[in-house]
**Student:** 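If you scroll down you'll find the structure; I have some questions about it.
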Amino acid sequence: MIRLTGVSKIFETGNQDITAVSEVSVSIPRGALTLLTGNNGSGKTTLMLLMAGILSPDAGRVYLDGMDISRLPERIRSRIRRNRTGIIFQERFFIRTAPVWQNLVLSLIPTERPMADIRNKGKALLRRFGLEEKENVRCGRLSGGEKQRLAIARALINDPDVIFADEPTTHLDHDVLQMLTREIQNWKTRGKTVVIATHQPELLNAAGPDIRLTLEKGRLAREER
Ligand SMILES: Nc1ncnc2c1ncn2[C@@H]1O[C@H](COP(=O)(O)OP(=O)(O)OP(=O)(O)O)[C@@H](O)[C@H]1O
Ligand SMILES: [Mg+2]
């Protein structure tokens with residue numbers, strides 16, 4: 001369902017080009033849980049943003065259910081993201097001065113669903129992630145672990161069938177980590193396709209990964225299924 005063929009991404013920085021992702025080809029079937037590992041700077045975030053259609057590759061193609069999303073205009077890619085994908089970003093991109101609930105439901109606003117529906121959906125997710133008492137708190141006031149939980153909740157607001165998570169275990173204490181593990185198992189049971197970038201793959205063993213991909217300097221160095 002997610003297929004990459006010869007995908008490369010090069011960042012131009014001043015006088016030096018950085019090849020963040022280099023000729024990666026891989027297929028991830030629908031419903032699989034994939035862990036993407038590798039050292040800092042090995043290209044995990046970049047590869048995930050390419051899979052999610054947020055970045056466009058400089059070479060190669062990215063297919064979602066056979067559709068080449070690497071060639072679509074941003075307008076259409078953003079619609080696909082809004083309808084189908086949930087993304088837990090490593091950089092969390094909250095509006096610091098807006099309350100928790102607004103940050104949570106922001107991506108639903110362009111869908112023109114009734115506001116009461118949107119608020120109810122938001123409330124249910126806040127409850128699920130133990131944030132109901134923070135509903136009206138400004139995002140900038142949350143602790144690291146609370147922000148991480150909100151980032152996970154936000155990725156689920158549109159009930160996505162593809163979920164990308166970039167270092168979701170950062171800042172989580174033992175209890176919340178167990179909650180995340182149960183959450184991931186629940187995604188699997190419901191047939192969601194999940195890709196998780198992490199440099200702590202051992203923390204997520206209990207979630208039962210199907211595929212392990214290891215990046216080294218942008219290249220796919222190992223693929224275990
Ligand atoms: N927007 C950008 N502009 C320039 N260089 C970038 C950009 N994004 C990433 N890079 C570079 O690309 C390489 C891969 O970065 P990436 O963030 O994908 O790594 P990562 O595996 O996610 O690292 P980490 O474990 O630290 O999250 C790094 O050398 C990084 O400096
Ligand atoms: Mg990263």
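In each ligand, atom 1 is the first atom listed, and ligand 1 is the first ligand listed. Below, each value reflects all heavy atoms present in this structure, side chains not excepted, and no hydrogens, waters or symmetry copies. Because the structure is predicted, anything quoted here is derived from the model rather than measured.
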**Student:** Output yes when Glu135 and Lys123 qualify as a salt bridge under the 4.0 Å nitrogen-oxygen rule, no when they do not.
**Tutor:** yes
**Student:** Could you tell me whether the side chain of Asn158 and the main chain of Thr85 form a donor-acceptor pair under 3.5 Å?
**Tutor:** yes
**Student:** Please list the nearest protein heavy atom to atom 6 (C) of ligand 1 with its residue and the distance rounded to 0.1 Å.
**Tutor:** Phe11 CD1, 3.3 Å
**Student:** Name the option, out of Leu55, Asp17, Thr45, that contains the heavy atom nearest to atom 22 (O) of ligand 1.
**Tutor:** Thr45
**Student:** Are any of the heavy atoms in Asn39 under 4.0 Å away from ligand 1?
**Tutor:** yes
**Student:** For Val62, is there any backbone N or O sitting under 3.5 Å from a side-chain donor or acceptor partner on Arg71?
**Tutor:** no
**Student:** Less than 3.5 Å apart, any donor N or O on the side chain of Ser8 or Asp58 sitting next to an acceptor on the other?
**Tutor:** no
**Student:** Do the charged groups of Glu74 and Arg81 touch, with an N to O distance under 4.0 Å?
**Tutor:** yes
**Student:** I'd like the name of whichever of Glu167, Gln90, Lys44, Lys217 reaches closest to atom 20 (P) of ligand 1 through any heavy atom.
**Tutor:** Lys44
**Student:** Among all the protein's heavy atoms, is there at least one whose distance to atom 31 (O) of ligand 1 comes out below 4.0 Å?
**Tutor:** no
**Student:** Relative to the heavy atoms of Thr46, which atoms of ligand 1 are at a distance of less than 4.0 Å?
**Tutor:** 15 (O), 16 (P), 18 (O)
**Student:** With a 4.0 Å cut-off, would you call Asp161 and Arg190 a salt bridge?
**Tutor:** no
**Student:** Would you say the side-chain atoms of Ser56 and Arg77 include a donor-acceptor pair closer than 3.5 Å?
**Tutor:** yes
**Student:** Any salt bridge between Arg61 and Asp68, counting N to O under 4.0 Å?
**Tutor:** yes
**Student:** Does His199 reach ligand 1 with a nitrogen or oxygen that is under 3.5 Å from one of the ligand's nitrogen or oxygen atoms?
**Tutor:** no
**Student:** Got an N/O contact under 3.5 Å between Thr13 and ligand 1?
**Tutor:** no
**Student:** Distance alone, cut at 3.5 Å: any donor-acceptor contact between the side chains of Glu216 and Ser42?
**Tutor:** no
**Student:** Which residues pass the side-chain contact (heavy atoms from CB on, under 4.5 Å) test with Lys134, not counting sequence neighbours?
**Tutor:** Val100, Leu131, Val137, Leu142, Glu146
**Student:** Look only at the side chain of Thr193 and the backbone of Gly31, and say whether a donor-acceptor pair between them is shorter than 3.5 Å.
**Tutor:** yes
**Student:** Could you check atom 29 (O) of ligand 1 against the protein and tell me its nearest heavy-atom contact, residue, atom and distance included?
**Tutor:** Ile18 CG2, 3.9 Å
**Student:** Classify the contact between Asp166 and ligand 1 as side chain, backbone, both or neither, using a heavy-atom distance cut-off of under 4.0 Å.
**Tutor:** neither
**Student:** How far is atom 23 (O) of ligand 1 from its nearest protein heavy atom, and which residue and atom name does that atom have?
**Tutor:** Gly41 N, 2.8 Å
**Student:** Considering only NZ, NE, NH1 and NH2 on the basic side and carboxylate oxygens on the acidic side, decide whether Lys121 and Asp159 come within less than 4.0 Å.
**Tutor:** no
**Student:** I want to check a possible cation-pi pair here: Arg149 against Phe129, using under 6.0 Å from ring centre and within 45° of the ring axis as the test.
**Tutor:** no
**Student:** Tell me, which protein residue and heavy-atom name are nearest atom 26 (O) of ligand 1, and how many Å apart are they?
**Tutor:** Asn40 ND2, 3.1 Å
**Student:** Nearest protein heavy atom to atom 12 (O) of ligand 1, by residue and atom, and its distance?
**Tutor:** Ala20 CB, 3.3 Å
**Student:** Output, by chain and residue number, all protein N/O/S atoms separated from the Mg ion (ligand 2) by less than 2.8 Å.
**Tutor:** Thr45 OG1, Gln90 OE1
**Student:** Do you see a protein non-hydrogen atom under 4.0 Å from atom 9 (C) of ligand 1?
**Tutor:** yes
**Student:** With only distance considered, is Gly43 within less than 3.5 Å of ligand 1 through an N or O on each side?
**Tutor:** yes
